[in-house]
There are 2 protein chains.
Amino acid sequence: MLRVSKLTDYATVVMTCLVDGAGEVLSAQVLAERARLELPTVSKLLKQLAHAGLVLSTRGINGGYRLARDPAQITVADIVVAMEGPIGMTECSTRSGSCDHESHCGVRVNWQRINSAIADALASVTLAEMTKPAARRTGSIPVRVAVA
Amino acid sequence: MLRVSKLTDYATVVMTCLVDGAGEVLSAQVLAERARLELPTVSKLLKQLAHAGLVLSTRGINGGYRLARDPAQITVADIVVAMEGPIGMTECSTRSGSCDHESHCGVRVNWQRINSAIADALASVTLAEMTKPAARRTGSIPVRVAVA
DNA sequence: GCAAACAGTACAATTTTGGTCCTGTTTAGG
DNA sequence: CCTAAACAGGACCAAAATTGTACTGTTTGC
Ligand code: FES
Ligand code: FES
């Protein structure tokens, strides 16, 4: 179905909660409440985001998480990559050597182009923009698919 | 990893083989050979493509498959949809009612925007273009992600 | 020292995917 | 009319990924 995992979806939600928190350090607990998700789930996903350097964690009592960068400097692509690893539309065209047919596969290079176009599209939407659900400003970012 | 399934990848390969076949009716057998894939796999995927109306099948001896439309009129999006169903980046934002948090989810609408941008990107690459691996013409199709 | 809170890992249940196989049905040709 | 090639439609199973949870540390403020 060409989708990102549910956890990735939740990650964007939690990240927007952090944006709303305006730089405050929020515990996984309160983030779970605000996002209306289960604590273990939120906890898991925050660990991954922290590992990817998208959020900073503070340990100990009164600890919690906060954004590592300005919301305008964090893109949806960053979140997707943090949660799912490198963006690659096809298993073949990314991991070199994983497919027996690489040598005689005509679609490989074109999939790679499509791939980077989609990566660009995801990278063109910032977390700051994700938090403005109802806004009317329709800034549009041109993305180009260079076809063979 | 944000990827299409292997079967979808294979489908594009088989479709390009059909393009190379220049309108000839090719059996699943010969397509499997040309694509260097297993017959049962190719057979399965051709059934799905036929069901979606992307290829036409002829039964009986000397039967086989051929493209239903001109290669320039078939897009990568068509193939992806045929193999994986409607394109939806997040499970939530597509199937309405599947998520408990729809009412208070701020990212939903933005995911839908990203979603349609990606669908457009996939729809902007035709099967005809997929068959030209080494060509230098870099026609670029502008895709716009309308952000909130 | 204690309790709150993150870190890291492990785990089972479920779902999806990948791949195969089998039983029809259609059709050209002998 | 009879056979063999070839598609149609499922059924099926094994492997992998996803989902969600749990447990055991470690850090830190009070
Ligand atoms: S590289 Fe694997 S099928 Fe094209
Ligand atoms: S609609 Fe399900 S989390 Fe946003």
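A, B, ... follow the sequence lines: proteins, then strands. Residue 1 opens every chain. As the structure is a computational prediction, the values presented were derived from the model and not from experiment.
- The side chain of B:K6 sits closest to C:dG19 out of C:dG19, D:dT21, D:dG10.
- For the pair B:K44 and A:L7, both in contact range of DNA chain D, the more 5′-proximal nearest nucleotide belongs to B:K44.
- A:Q48 has its CD atom 12 Å from the C1' atom of C:dG8, to the nearest Å.
- Using a 4.0 Å heavy-atom cutoff across all strands shown, A:S43 reaches no nucleic acid atom at all.
- When the side-chain nitrogen and oxygen atoms of A:S5 are compared with OP1 and OP2 of D:dT19, one or more of them lie within a distance under 4.0 Å.
- If you take OH of A:Y10 and C1' of D:dT19, they are 9 Å apart, rounded to a whole angstrom.
- Summarising the geometry, the separation between CD1 on B:I61 and P on D:dA4 is reported as 10 Å, rounded to the nearest angstrom.
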Do A:L122 and B:L2 pass the side-chain contact (heavy atoms from CB on, under 4.5 Å) test, and can you show the C-alpha distance, the side-chain angles, and the key distance before you say yes or no?
CA-CA 11 Å; A:L122 290 178; B:L2 183 58; 3.6 Å; yes
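- By the rule that hydrophobic residues join a cluster once side-chain heavy atoms approach within less than 4.5 Å of another member, B:V25 and B:L127 end up as members of separate clusters.
- When heavy atoms are screened at a 4.0 angstrom cut-off, B:G63 is found touching the sugar-phosphate backbone but no base atom.
- Spacing between atom CD of B:E38 and atom P of D:dA14 amounts to 19 Å, rounded to whole angstrom units.
- Side-chain proximity of B:R59 to C:dA5, D:dG29, C:dT26: nearest is C:dT26.
- Considering only side-chain N and O atoms, B:Y65 lies under 4.0 angstrom from the phosphate OP1 or OP2 of D:dA8.
- Of the candidates D:dC30, C:dG29, D:dT19, D:dC30 carries the atom nearest the A:N62 side chain, counting heavy atoms from C-beta on.
- Rounded to an integer number of Å, the gap from A:K47 NZ to D:dC23 C1' is 10 Å.
- Put simply, A:S57 has a side-chain N or O that comes within less than 4.0 Å of OP1 or OP2 on C:dA7.
- We find that CG of B:L39 is positioned 10 Å from P of C:dC21, with the value rounded to whole Å.
- One finds the OH atom of A:Y10 at 9.5 Å from the SG atom of B:C105 (value rounded to the nearest 0.5 Å).
- Here A:R34 pairs with nothing under the salt bridge (Lys or Arg N to Asp or Glu O under 4.0 Å) rule; sequence neighbours left out.
- Atom NE2 in A:H51 sits roughly 15 Å away from atom C1' in C:dC6 (whole-Å rounding).
- Applying the side-chain contact (heavy atoms from CB on, under 4.5 Å) test to B:Q73 and every residue at least two apart in sequence or in another chain returns B:R69, B:D70.
- Distance B:L45 CG to C:dT17 C1': 14 Å, rounded to the nearest Å.
- Distance from the side chain of A:T41 is smallest for D:dT21 among the nucleotides D:dT21, D:dG9, C:dG18.
- At a threshold of 4.0 angstrom between heavy atoms, the contacts of A:A28 are confined to the sugar-phosphate backbone, with no base atom among them.
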